Amino acid sequence: MNNGLLDRTVAFVAALRAGGVPVSLAESLDAVRAFGAIDVLDREDLRAAFAATMVKRPPHRVTFDTLFDLWWPPLLGDGTASRYGADAGDPDAGDPDDADPDATEPRQGHAVPADRDALRAELARLLLDGDEDGLRRLARAAVQGLGRADAQPGRQSWFSYRVLRQLSPDTLTASLLAQMLDGQDRDGLAEKVARQTIRERIKQFEAMVAAEVRRRLAEERGVERIAKTAVKPLTDQVDFLRASRDDLVELRRQVYPLARRLATRLTARRRLGRAGRLDFRRTVRASLGTGGVPLVTHHRPHKPHKPELVVLCDVSGSVASFAHFTLLLAFALREQFAKVRAFAFIDTVDEVTPMFRPGEDFPDVMARMTREARLVWFDGHSDYGNSFETFAERYPDAITPRTSLLILGDARNNYRATAATTLKHLAASARHSYWLNPEPRAHWGSGDSATAAYGDIVEMVECRNAAQLQQFVERLLPG
Amino acid sequence: MQQPVFCDVADVRARLGAAGYLADDAIATTVFLADRLGKPLLVEGPAGVGKTELAKAVATATGSELIRLQCYEGLDEARALYEWNYKKQLLRIQVANGSSPDTANDGRPGGWSEVEQDIFSEEFLLSRPLLTAIRRTEPTVLLVDETDKADVEVEGLLLEVLSDFQVTIPELGTIVAARRPLVVLTSNATRELSEALKRRCLYLHLDYPTAEREKAIVLSRVPEVAEALAEALVRTVRALRALELKKSPSIAETIDWAHTLVALGLDTLDEAAVRDTLGVVLKHASDHARAVAQLELN
């Protein structure tokens with residue numbers, strides 16, 4: 001490997017580390033050895049080789065791909081105009097010169113309509129065929145033609161939203177659907193499936209445009225600067241209170257794998273604890289194999305202590321996504337507890353345990369909860385005080401000395417009465433009690449936050465993302 | 001360093017293809033590197049995407065024998081590496097004792113040490129998969145299946161064996177691999193494997209394949225299925241994966257589905273066909289209900 005490539009690789013490794021991918025020295029050495037072993041001219045092979053040697057956890061793969069595209073771009077600058085035509089390889093692919101903005105237009109920010117229409121027609125055709133290479137070439141041409149804006153004289157900026165607004169791939173959906181279904185039934189299964197296929201391809205194209213824009217920006221402003229903003233946080237680091245819709249879907253997908261991993265780790269920890277009473281029968285049976293000498297003793301497994309869990313959660317708008325995720329996790333882990341009961345509140349409280357029966361459809365639960373449970377008594381703003389009082393009055397038997405009480409919420413009480421005495425009683429009758437607060441610790445106590453009053457009674461834990469929640473659950477469950 | 005088996009990435013792809021495994025870029029490159037760099041290959045991914053299948057295909061492609069260590073909770077050294085066959089040893093000692101009153105007393109010293117020499121020899125050694133793989137002189141692929149199911153201590157054992165390819169048996173001495181096996185470890189990621197193990201391995205994450213590749217896989221595994229049906233099948237499965245399901249259907253389930261449709265003699269995939277056979281791909285009642293509602297199968 002020559003020095004230039006070695007420097008590039010080292011810089012790439014540094015960027016990976018900065019982006020949160022832990023790459024050890026041994027792994028980077030492996031990457032360099034792999035570099036020598038494969039044909040470096042094939043970019044996808046190089047990507048696979050680097051991924052195999054340096055990325056050992058699936059969540060890091062997105063970061064890796066983003067950074068790889070920046071550090072090892074598929075081409076430099078505009079590429080060549082002829083290559084777009086030559087690579088298309090398909091003479092029917094529209095007139096490549098038409099689709100190539102450089103041929104028809106001097107370097108200017110805005111595309112002429114004819115050009116735009118040609119690109120759109122080409123896009124529709126490629127989306128219908130699902131031609132990935134074609135889409136990538138088109139993304140390149142489209143960014144070049146439509147995405148450029150002159151920021152200052154001699155400097156350019158690139159925008160993906162300009163490209164996507166002008167091409168607006170979503171508006172192609174209807175005609176694509178019609179072509180794909182080809183006279184079949186316009187609703188029902190075939191349509192759903194076709195729609196999903198189109199949606200997937202459009203999303204792919206959008207990602208290609210975004211990657212292309214990043215590449216052009218990186219050339220203009222330097223790779224390091226773009227790398228910093230391009231890397232998204234890992235799913236388990238996403239702030240509950242700022243999670244987007246996509247983030248939430250991704251989080252829900254993580255519930256089961258997360259619960260499974262937690263359960264496995266807990267079982268392993270329990271097994272490591274001291275062994276239980278001697279299992280006489282098994283020991284004697286095993287000794288028969290060794291002439292009656294009990295070489296190995298067998299023990300009964302310990303019966304694990306399983307706490308009862310009572311979750312009391314604020315499901316008002318601001319913290320609903322946090323409560324939702326935590327409830328799902330609690331119920332996914334139900335086998336680790338003797339019993340799980342859940343109560344939701346906004347300004348009054350209702351039991352929601354039955355909605356989490358095994359086999360219930362998770363994504364709907366939250367919507368049903370707000371629809372069916374009686375959570376609003378007065379004005380629909382969070383009222384912790386009244387909720388605690390109602391809870392103590394209506395469900396006096398919910399909390400026993402075997403219960404772990406878990407309260408979820410930001411403690412933003414809209415300046416109402418806190419009912420601290422009631423909470424003190426509840427906490428005193430439970431075995432443990434914890435409060436999970438999705439707000440950053442620095443904001444506690446500001447404005448209408450009643451953390452000061454509640455924090456004295458119940459231990460308050462900051463729980464802003466899935467990683468922190470996981471840590472907490474491990475602490476909650478005894479080994 | 002021993003002679004690598006594959007000459008380049010294209011060679012890997014061609015030979016895996018001949019063994020009936022359609023490899024994409026990432027798979028072919030990673031297998032090539034595992035062979036070239038002599039490192040174990042850790043394959044992780046959801047159930048049913050062809051992790052074990054890959055190891056079998058590599059064995060076929062390289063003309064090696066596949067030795068499989070299936071991991072489970074409670075797997076220990078005695079089951080993974082080697083064990084002394086102490087029932088047989090016991091018999092040997094009893095035989096020695098039975099004859100010793102006559103022989104041992106008439107001036108033959110060292111009766112015991114002879115027996116000891118004898119009972120800790122090859123004859124009484126039960127070789128388990130790890131030791132077997134190391135001692136073989138023919139090409140070998142060692143498959144450590146479902147590594148995540150084993151306890152953490154087994155990982156330590158694997159580390160030792162896989163980094164030096166040697167095993168020390170106190171009574172016999174150190175056994176060094178005559179020929180390094182190609183090692184494939186698989187994991188379902190039910191727990192995170194230790195950093196140390198991951199660092200020593202090349203990592204390959206197998207996920208659900210692209211539509212094109214999945215179709216090719218279905219066509220190669222179920223040749224009876226028509227191309228148009230395979231296409232519709234793959235698209236439908238992808239639509240199912242886009243729903244929020246507890247267990248998304250994997251390639252194994254797509255192939256099962258294709259088999260089912262062929263067996264039922266169906267040649268199009270319409271609502272009725274999907275509704276009747278959905279149980280082949282979705283194994284949870286709630287997933288089933290969700291798919292029926294979202295895809296409007298009623």
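Here is how names work: the chains are called A, B, and so on, in the same order as the sequence lines, proteins then strands, and each is numbered from 1. This is a predicted model, so every value here is computed, not measured.
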For atom [atom1] of [X], is the number of surrounding heavy atoms from other residues, nucleotides or ligands below 6.0 Å larger than 12?
X: A:Q237; atom1: CD; result: yes
X: B:K283; atom1: NZ; result: yes
X: B:F124; atom1: CZ; result: yes
X: A:R285; atom1: CZ; result: no

Portion of [X] that has a non-hydrogen atom of chain A nearer than 4.5 angstrom:
X: B:L197; value: neither
X: B:A289; value: neither
X: B:D24; value: neither
X: B:L193; value: neither
X: B:A28; value: neither

Relative to chain B, which segment of [X] carries a heavy atom at a distance below 4.5 Å: side chain, backbone, both, or neither?
X: A:V23; result: neither
X: A:D42; result: neither
X: A:R57; result: both
X: A:L295; result: side chain
X: A:S24; result: side chain
X: A:A37; result: both

Requested in this report: For residues A:A48 and B:T30, report the shortest heavy-atom separation together with the two atoms involved.
Outcome: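 Looking at all heavy atoms of both residues, the shortest contact is O-OG1, 4.5 Å.
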Report summary line: Closest non-hydrogen contact found for B:T190 with A:R260 is CG2-NE, 3.6 Å
Report task. Quick one: which of A:A51, A:A194, A:A49, A:A26 has the most heavy-atom pairs under 4.5 Å with chain B, could you say? Result -> A:A49
Nearest-0.5 Å distance that lies between atom [atom1] in [X] and atom [atom2] in [Y]:
X: B:D25; Y: A:L46; atom1: CG; atom2: CG; answer: 11.5 Å
X: A:Q196; Y: B:L240; atom1: CD; atom2: CG; answer: 9.5 Å
X: A:I38; Y: B:R36; atom1: CD1; atom2: CZ; answer: 11.0 Å
X: A:F50; Y: B:T29; atom1: CZ; atom2: OG1; answer: 12.5 Å
X: B:R241; Y: A:E200; atom1: CZ; atom2: CD; answer: 9.5 Å
X: B:T210; Y: A:Q204; atom1: OG1; atom2: CD; answer: 9.0 Å

Report task. Could you have a look at B:R238, B:H284, B:E195 and say which one has the most heavy-atom pairs with chain A under 4.5 angstrom? Result ->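 Maximum pair count with chain A is reached by B:R238.
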Requested in this report: Go through B:E44, B:R191, B:R235, B:K247 and name the one with the most non-hydrogen pairs under 4.5 angstrom from chain A.
Outcome: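 The candidate making the most pairs under 4.5 Å is B:R235.
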Report task. Using a heavy-atom cutoff of under 4.5 Å, enumerate the residues of residues 199-208 of chain B that contact chain A, numbered in order, or state 'none'. Result -> B:R199, B:C201, B:L202, B:Y203, B:H205
Query raised in the report: Should B:E192 and A:K56 be marked as a salt bridge (charged side-chain N to carboxylate O under 4.0 Å, His left out) after you check the CA-CA gap, both sets of side-chain angles, and the distance that decides it?
Result: CA-CA 10 Å; B:E192 190 110 0; A:K56 312 277 170 99; over 6 Å; no
